[in-house]
Structures are given as structure tokens and as C-alpha cells.
Amino acid sequence: MAASAARSHPLTALVLVLPGALTVWFATMLPTVAAGETIRYAVDWVAGLDVALSFYIDGLSLLFALLISLIGFFIFLYARSYLAGDPHLGRFMLYLSLFMLSMLGVVLADNVVTLFVFWELTSLTSYLLIGYNHTDPKSRRNALQALVVTGTGGLALLAGLILLALVAGSFELSAINAAGDAVRAHDWYLGILILVLLGAFTKSAQFPFHFWLPNAMAAPTPVSAYLHSATMVKAGVYLMARVHPSLGNTEVWLWTLTIAGAVTAVWASILALRQTDLKPMLAYTTLMALGTLTLFLANTSEVAITAVVVFILVHSFYKATLFMVAGAIDHEAGTREIGRLGGLARLMPFTCLAAALAALSMAGVPPFAGFIGKELVYKGALAVASEPGFVAVAALAANAMMVTVAAIVAIKPFLGPKGDTPKKPHEAPWTMWIGPVVLAVLGLACGLAPALLLSGLVEAGVSAILGLDEPTSYPLQLWHGVNLPLVMSGVTVALGALLFWQWPRVRSAIDAACRRLPAADALYDGCMKRLVDLAEWQTALLQTGSQRHYVLVVFATLAAGLGVTLIVRDAVVLPTAMPQVAFYKWAVVGLIIAATLVTVFARSRLTAICALGVIGTSVALLFVMYGAPDVAMTQLMVEILIVIIVALVMLRLPAFRDDGHGDRTGHIRDAVVAIGTGIAISLTLLAVLQYPLDRRLTDYFEANSYPEALGRNIVNVILVDFRAIDTFGEIAVVAIAGLACFALIKLRPGRRSAAVEKEAAASGGDD
Amino acid sequence: MDSLILKTGTRLLTALMLVFSIFLLFRGHNEPGGGFIGSLVATTAFCLYAIAFGVTEVRKALVIDPKILSIVGLALSLLAGLMAIVQGDMFLTGVWSPAYVDGSSALPLSSVLVFDVGVYLVVMGAVLTVVFAIEEDKL
């Protein structure tokens, strides 16, 4: 199927308006923000809980917002052609638009609760997008894995953000960052840090939570390019940058981020070299970039933070481009296996151009923006507070391998002899190469004129991360003279070239080594299996399906709960004297006791239920004697109906089954639970009677029943007027319970087929 | 159950109980009674009738299916609550006929009564739904 032949619905082009308009809108804010001002919008949401829909735009959030909407525009354009002819294209575009808005919400939110809500929305939309090919079990499994990992981190983040807000005394991030010293000095600082970093590390796939990101490549390529390289996975990086003024600048912060970032960067680079498929290879380089960003966010030096901001920008440009290129190759040639591709340069000239420009930027070759980024990374590495040698070596190793990957991605598919591809390749439609070309050219332009194109936004971003008032950054320029970073750049390229030359051998060596290591993915599967086993075990323990067992558990729990509370609170009160009551009341009590004994020892169900009815009726008599006619009448009617209904049901029950309640031990156990419950309830009532009745409510109803509600029957006035909403809820439950019983009785297994047969017979036998 | 004594007694008793149940419903706001109790009395009456004459006869007498009765009751109660909103009060605030509030000679009509009738129908409908379903279930 030639992609150009399949057309997308013209209406899907409408979704392009959204990112386009947003890009323009955010661009108009650039001069204001570059001048060091901030913009804030706020609407009350839940005023009582300090939750507001508040948005705050400073250099950091505008940087992200621009990237999200600009790259979004090209991705939307690309996706329409990539998925042309797909029956669910409309759904896909909806998910993608939802994701874009959620992601913008994350980076613009000022209120921590708002931020969290949008954060979770990005996880959800990412789940829907990874699992877009929902007929593929692998796709569904990987979608769930991403959701479980980021969702778990999200829960930790919620706790962390709430604690942070409590400590700082405000739910607004702008105010929290202003109270940074108080937060760092607080006892809860370590707890808050751990929780917030858990959220950030899972979202940005830092080691040891890195495994979900390569699996997320099960998504269609536009999703991988957009969510899993340029935007969503940077949400964790954004969060760390956002809370940098309040949580950063401590030893714990410095070392945690340095180690996690360095390990992620180096390990991901090694794994990238192991891949033979373009997409996973690019996915691992994204991990490397995220690790590098984390590594540098550990610091507070201006040059390190400038490196972060520039690298975010540069990486988004070239990585989105390379992903879209990989997708275009897959789309036109039918495979992404590097071994099967070759000689595409002449057949796909524009795609090749984009790939070459982006790869040069990724490799950090002057005069591309990637070069400025890499120079800053090395300068930053040499200026870090932790261990400059360690960071510099880690950065050098990771960057050298990036050069290799860039070379593999840009050279292998496009040069050399023609590959053996499933489809006859040709250039992709213009909608699929225009985005990569524009983004790659932007990478070049930013490198050529950094002062003009980058400085304003970068300065505003750096000052936002460092919590400074004036926009400032390390100067951005291509040529710094011959110095250590330049030498390191040279070494990087040389090392990268060496690795590229020896790649097949390096790859098989890494592959052999990795096979002997435990895979994080397998650990995840093991954990999930344990979780399911645990759930099955506890379900089997509690949900036996036996009504008697449930009743036993409920009453045993009630008795134990009441008993323990009474003993712990020292509230056990024993009556000292026999109460003085009239003899006919004693007679009723005697009747209750006698009927109870009959119930317990009855040999047939019908006798038991009739005896139970006697108990209920006697209790109703007691209500009459103590002056509560309403309650008595209700009790009486309810008793009668219960006897009728239960008798009707019992006629239809099967014979007694021996499920452990019939033998002697069963009887004793039941008796113990029954007597224990009775004693616990009696003691509770006696304890309650020790305190004088709180008459405030009674007095209120007595005083207001007639003047307010024009009724003299207080019970009924409470039911239909003072507490009418409660009653409304209750009758809704009664109505639904009635319908549910009806459904349960009518739709029993076995009955259903009979009903269906009857219907079929009624409709005539012509089928 | 085919018993002449039960059938004859039931004819008389059911009628009396139904009248008593309506009486309970209407007096409930000032004297013991109310929609819930009234409804239970009526339900008992219909159950008695069903035992004596069979469910088919009760269904004929009721005309409307008890499932529908319970839903109509719920809707009535909701309506009673909405009356207050039309007046600008909170949901389920009692609304009384102005004539009754001014002088006590007029009939005491109110949204509260509508609400109580709703409760009456819901309880009766739901319980009878269950009883009929069990009764009609083949042994």
C-alpha cells in the first residue's frame, strides 16, 4: 500500500490549528519573558483546599511550552501522513492533542496540585498512545508497564508536592521557590526530596527506572518522536529544574542527581550501541540525554545550568528529527533494521538531508547548535561541585558513543550499496520531511547565530532554574579559543569515529556481555507476577464465595474491634445492680431469650426464621413500651416482610451443605463468635450509657420542627426535611437494590438460556 | 395456597391495610406515620394478597409494574427537591403552599408531601419487585 494513495480525512487537518496557534501565542510572550518578567494567570478551583488553576510563565516554562507546541505542529503534520488510511486516525489525533495540552499544563502550572493533575494526564495519554496498536499484546503490555512505572512515581510525587507545599506554606510553586531556605532547613527535607525525585526519575526514565522508555517504542513513530524523546520524558527534567531553587543546592541533591544521571547516561549509551533497530537505538540515546540533563541539574554553577537549558533545546530539535527520519524510512522501506538498509540517499534526498543535519548536531560538530551544547557540557563538567573528573569522564564516554550512534543513523541507511528492503523505497510525502528539515535547519541556525536566536530564552531559563531575578547565562558562542573543552570535543569525535569503524565487533561484545546481566525488564515482570500472586492469594483467602464464611468474618471482626477498643480505652463497665423495670417488660425480655434459643437450636430453616420473627416483634413491643411508636411500627412491618421474603427464598434453597459449619468444631466456633459479638455489643451499650446523652441535636429539632418545617412529628420531619438529602440517597439505594435483586434472580446461570429460548420461540421459528 | 378462609379474610384485610397505609402517609408530618411506614403497610398488604391469590392477581390489581413504581417514586422525590431550586432555595428545602402558611384553613400542600409520596412508591416498588421475582421463580 503506497502511503501517498491513502488519504487522511481532511477534517484531521483542523487539529494543526491548535499547535500552530499556540506556537504563535507563546512566541509573542518571548520579548516579555526575555526581559526578565513573568506572566501569571489564575482561576480559583477548590478555594477551600488552596487549589487553584494557576499558570506561571517564566523562561523555563516558556522554553518548554515553545518546544511542545512547535514540535507538536510538525508531529501533527507528520502523523497525518504516517498514519494515512488508518481507520482510527481521528482517535489518534485526539489522544495526541490531549497529550499536548496536558504537557503544556505540566510546564505552565504554578499550583502543585494543578501540576500533578496534568502530570498524571500525560501518563494516561502516553498509555493510550503507546497502546495505540491495541491488537498487539506486546504493545498493550509495554503501555501498561509505562503507566505502572510513571503512575507509581506519580503517587510519590503527589505526596512529595503536598509535603513541600505544607513546609513552604503555599501551594504555588513561585512562592515555594521563594521559600527555598526554609524548605532546605526543614526536618522533612529528605523525605520530600526522595518523593519528588521518585516522581521525576520514573517520568524521565532515570536508572533504575529506565527500562520502560525503550519498550515505549511500541508506539507509532510520531508518538516516539514527540512524547518519548522531545517532550514527556523531559517532564521529570522540567520538574527537577522547577524545584531547583527550593530543593537544590544541598549535598544529597548534588550526589543523588550526579550518580543517577551519570549511570543512566553511560549505561544507556552502551545499550544504544547494542541495538540494530533504528528506533530502540534512538530511544537509548534519549535516555543518555536525560541522564546528562539530570547530571547537570545536580549543580548550581551558571555554566552547568546553561548547559542544561541549551542541551534541552538542542536535543529536542535533533532527536525529534531523527525519530521522524527513522519513521519515514520505516514507512517507505518497510524496515528499520540497519543491516537491511542502504543507499537511500538518492531515493530519499530530503529525508537524508534532515538526517545528516540532525546527526551532525547530535555529534556536536561545529557550527551546529549541538557543538555549543557539547562545549557547554564539558565546561559545566569541569565546573561541577561534586567530582569534576568523574563527571567529565562520564560525559566524554557518553558523548563519544553518541557520535557513533549519530554516524550509524546518518550513514548506514543512506550510503553504501542498496539494501534488501521489503518495500521499494521512495521519498516520503512532503508532510513527512518538512518537519525534520525545518527542525534540523533550526539546529544549524541556532549554532550560527546563538546570540540572536538563543540568548534571550536561555538567559531567562537559566535564571528561572537558579531562582535569580535578572536574566543571565554563560555566554553562548561557537568559538571560545583553544581550551580544554575544545580538546575534549576533538577526543570525543575521534573516539566516536573509532567506535563507528569497529561497531559490528563492539556491538557483538556488548551483546554477549548484556546477556549475562539480569535485565531490568525481567525484574519488572517478576515483580508484577508477585503482585498478581499476592492478589490471588488474598482473594482466595477472603472471597470464599460462602455466605456463612462472610458473615462469620464480619461478626468476628466486629467483636474483635469493639472488644479491643473497649479494653484499650478501659471502658468496660459492668452493671452493679439489677435494673428496676416492670414485670411485663421482663416478660418481653424472656420471650426474646426463649425465641433466640429456638432460633439457634431449630432443626429446620422455617422454624428458625419464624423464631427470629418473634424476636423482632418482641423488640417492637419494647419500643412501644418506651414510647417510640414510629420505630415500633417500622420494626414490626420490617419483621413481617423479612419473614415473608426469607421464607420465600428458603423454599428455593438447596439442602444444607456441609461446608465446615455442620460439625462440632464448626458449631463451637460459630457459638464463640456469636456470644462474643453479643457481649461486645452489650458492653459497648453499657459504656455509652455512662455518658449523659448529648441533647444538642434533639433540642434543636424539638425547637425548630414546627417553626421551620411546619411539622410536629420530629422523626418524620427529620426524614423528609432536615435530612432529606440523606433520605433521597437512601431511597435511591433501595430502588437500585430492588432492580439488582431482580436482575440477580432473573438472570441466574441456566435461567438465561431458558429465557432466550422462550424469546426465540415467541419471535417465530424462521431462524 | 388455596384456602377459602384466607381468601375471604385477605379481601377484607387488604382493603383495610391499604386505607390505613394511605392514612399513615398523610398524617406522618404531625403524628406517628409517614411515607416509609405507610409504604411498608401497603407492601405487607400486597404480599398477603399475593399469598392468597397469586402474583398474577396482584400484578393485575397494581396495574403498574413495581419496578416502574420505584423509579417513578425516585423521580417524584427528585422533583420535590427541584421545586425548591425553582424558588431559589437549596435543593430539597421544603416548599409550602402560601395559602396554608398564611392561614391554617387551606390544605397543607407542600413539596415535602410530594417527597414522602416518592419515598412511599420507591420502598413499595423495590420490595414488591424482589418478592414478585422470587414468587415467580420456578421451584
Side-chain angles (χ1 to χ4, degrees), chain A residues 627-652 705-706 708-746 748 751 754, chain B residues 24 27-41 43-44 47-48 50-51 66-67 69-71 73-74 77-78 80-81 84 90-94 96 100-101 108 110-113 115-116 118-123 125-139:
Chain A
D630 283 44
V631 187
M633 210 179 322
T634 312
Q635 169 85 20
L636 190 64
M637 288 298 137
V638 169
E639 281 305 326
I640 292 170
L641 284 171
I642 284 180
V643 170
I644 292 176
I645 293 176
V646 175
L648 284 176
V649 171
M650 283 188 167
L651 287 175
R652 287 158 175 81
S705 178
Y706 194 76
E708 292 279 332
L710 304 172
R712 288 192 194 83
N713 177 0
I714 297 172
V715 176
N716 204 57
V717 168
I718 292 174
L719 281 177
V720 298
D721 202 320
F722 288 127
R723 295 277 167 82
I725 284 196
D726 290 359
T727 310
F728 186 68
E730 281 155 17
I731 59 171
V733 170
V734 168
I736 293 166
L739 292 178
C741 280
F742 178 79
L744 280 175
I745 294 165
K746 292 282 178 186
R748 286 214 305 276
R751 288 302 152 103
Chain B
L24 282 175
R27 84 201 280 257
H29 211 58
N30 291 313
E31 319 273 344
F36 185 65
I37 300 172
S39 169
L40 289 176
V41 173
T43 312
T44 316
C47 284
L48 182 62
I51 291 169
K67 288 195 291 297
L69 273 185
S70 70
I71 299 300
L74 201 57
S77 297
L78 182 68
M90 294 268 284
F91 180 60
L92 281 172
T93 309
W96 291 79
Y100 175 71
V101 179
S110 67
S111 71
V112 171
L113 183 65
F115 184 83
D116 225 5
V119 173
Y120 184 95
L121 291 178
V122 168
V123 173
V127 177
L128 285 182
T129 302
V130 178
V131 172
F132 288 0
I134 300 172
E135 272 273 12
E136 286 168 347
D137 196 61
K138 271 178 278 175
L139 270 178

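Nothing here was measured: the structure is a model prediction, and the numbers come from that model. Every chain is numbered from 1 and lettered A, B, ... according to where its sequence line falls, protein lines coming before strand lines. Worth knowing before you read on, the calculation uses all heavy atoms, side chains too, and leaves out hydrogens, waters and symmetry mates.
If you tally non-hydrogen atom pairs under 4.5 Å between each of B:Ser70, B:Gly94, B:Gly28 and chain A, the highest count goes to B:Gly28. Heavy-atom pairs under 4.5 Å with chain B were tallied for A:Phe728, A:Phe722, A:Tyr706; the largest tally goes to A:Phe728. Ranked by non-hydrogen atom pairs under 4.5 Å with chain A, the options B:Ile134, B:Leu40, B:Val122 are led by B:Ile134. Per-residue counts of heavy-atom pairs under 4.5 Å with chain A were compared for B:Val130, B:Leu121, B:Leu74; the largest is that of B:Leu74. Here B:Ile37 is the residue among B:Leu24, B:Ile37, B:Thr129 with the most heavy-atom pairs under 4.5 Å with chain A. Considering only heavy-atom pairs separated by less than 4.5 Å from chain B, the leading option among A:Val649, A:Thr634, A:Val715 is A:Thr634. Among B:Pro32, B:Ala126, B:Ala133, the residue with the largest count of heavy-atom pairs under 4.5 Å with chain A is B:Pro32. Heavy-atom pairs under 4.5 Å with chain B were tallied for A:Ile714, A:Val638, A:Val734; the largest tally goes to A:Val734. Chosen from B:Glu136, B:Glu31, B:Lys67, the residue pairing most often with chain A at heavy-atom distances under 4.5 Å is B:Lys67.
Taking CG of A:Leu719 as the start and NE2 of B:His29 as the end, the distance is 11.0 Å to the nearest 0.5 Å. Here A:Asp721 contributes atom CG and B:Thr93 contributes atom OG1; the two are 7.5 Å apart, rounded to the nearest 0.5 Å. Rounded to the nearest 0.5 Å, atoms CZ (A:Arg652) and CD1 (A:Ile745) are 9.0 Å apart. To the nearest 0.5 Å, the span separating SG on B:Cys47 from CD on B:Glu135 amounts to 8.5 Å. Atom-to-atom distance recorded for A:Thr727:OG1 and B:Phe36:CZ is 10.5 Å, nearest 0.5 angstrom.
The heavy-atom pair separating A:Val717 from A:Ala709 by the smallest distance is CG1-CB, 3.5 Å.
At a 4.5 Å heavy-atom cutoff, the contact between B:Ile71 and chain A is made by side-chain atoms alone. Within the 4.5 angstrom heavy-atom criterion, no atom of A:Leu636 approaches chain B. Of the two parts of A:Ile725, the backbone and the side chain both hold a non-hydrogen atom closer than 4.5 Å to a non-hydrogen atom of chain B. Proximity to chain B (any heavy atom under 4.5 Å) is restricted, for A:Ile640, to the side chain, taken from C-beta onward. Residue contact with chain A, scored on non-hydrogen atoms closer than 4.5 Å, is absent for B:Leu113. At a 4.5 Å heavy-atom cutoff, the contact between A:Ile644 and chain B is made by side-chain atoms alone.
The local environment of CZ in A:Arg723 is sparse, with at most 12 non-hydrogen atoms from other residues, nucleotides or ligands closer than 6.0 Å.
Between the B:Arg27 side chain and the B:Gly34 main chain, no donor and acceptor come within less than 3.5 Å of each other. Between the B:Ser39 side chain and the B:Tyr120 main chain, a donor and an acceptor come within less than 3.5 Å of each other.
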Decide yes or no on side-chain hydrogen bond (donor to acceptor under 3.5 Å, both in side chains) for A:Asn716 and A:Asp630, but give the supporting numbers first. CA-CA 9 Å; A:Asn716 204 57; A:Asp630 283 44; over 6 Å; no
